[in-house]
Amino acid sequence: MPRFTIHDLAAIVDARAASGGEASYTRKLLDKGAEHCAKKFGEEAVETVIATIENNREHLIAESADVLFHLLVLLKSRGISLEDVEAALAQRTGMSGLEEKAARKRD
């Protein structure tokens, strides 16, 4: 079975965003606006934190999947692609996390 990647998920989000609203949860989220998408992302993030605190591996995996999906929908709602985020990450790989964080404070 081929490996499913976040790029596969991003492609699904893109395809469903282009579809009709009645058949697509993704389209329904996007039709409600970026603020609604942000709220849904936040809810999923909190559920991920709770699953972590409860030390529930299966719940954490499921909620992490929800977080990734809702993050991609949120980014889509603001016209930001996965490639945009990857480019930002690539810029950060030339320095340590501590150096990168310190550089952000100077900007």
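Of all heavy-atom pairs spanning Arg78 and Ala34, the tightest one is CZ-CB, 3.3 Å. What you find for Ala51 and Glu63 is that their closest heavy atoms are CB-CG, 4.5 Å.
Once rounded to the nearest 0.5 Å, the distance linking CZ of Arg57 with OG1 of Thr52 reads 12.5 Å. Once rounded to the nearest 0.5 Å, the distance linking OG of Ser77 with CG of Asp31 reads 11.5 Å. Put simply, CD on Glu47 and OG on Ser64 are 11.5 Å apart, with the number rounded to the nearest 0.5 Å. Between the CG atom in Leu71 and the CD atom in Glu44 there is a gap of 11.5 Å [rounded to 0.5 Å].
Classification of the Phe69-Tyr25 ring pair by plane angle, with boundaries at 30° and 60°, yields parallel.
Put simply, Ile6 and Val13 are part of the same group of oily side chains (I, L, V, M, F, W, Y) that touch within less than 4.5 Å, one to the next. Under the 4.5 Å side-chain heavy-atom criterion for ILVMFWY residues, a single connected hydrophobic cluster contains both Ile12 and Leu82. Hydrophobic cluster membership differs between Ile53 and Ile61, with clusters built from Ile, Leu, Val, Met, Phe, Trp and Tyr side chains linked at under 4.5 angstrom. Leu68 and Phe4 fall within a single hydrophobic cluster, where Ile, Leu, Val, Met, Phe, Trp and Tyr are joined by side-chain heavy atoms under 4.5 Å apart, directly or via other members.
Counting heavy atoms from C-beta on, the side chains of Leu30 and Val73 come closer than 4.5 Å. Side-chain contact between Thr26 and Leu72: absent, with no pair of heavy atoms (C-beta onward) separated by less than 4.5 Å. His7 is listed as a side-chain neighbour of Glu86, based on a closest heavy-atom distance under 4.5 Å.
The side-chain contact (heavy atoms from CB on, under 4.5 Å) test with Leu29 singles out one residue from Lys76, Lys40, Lys39, and that residue is Lys40.
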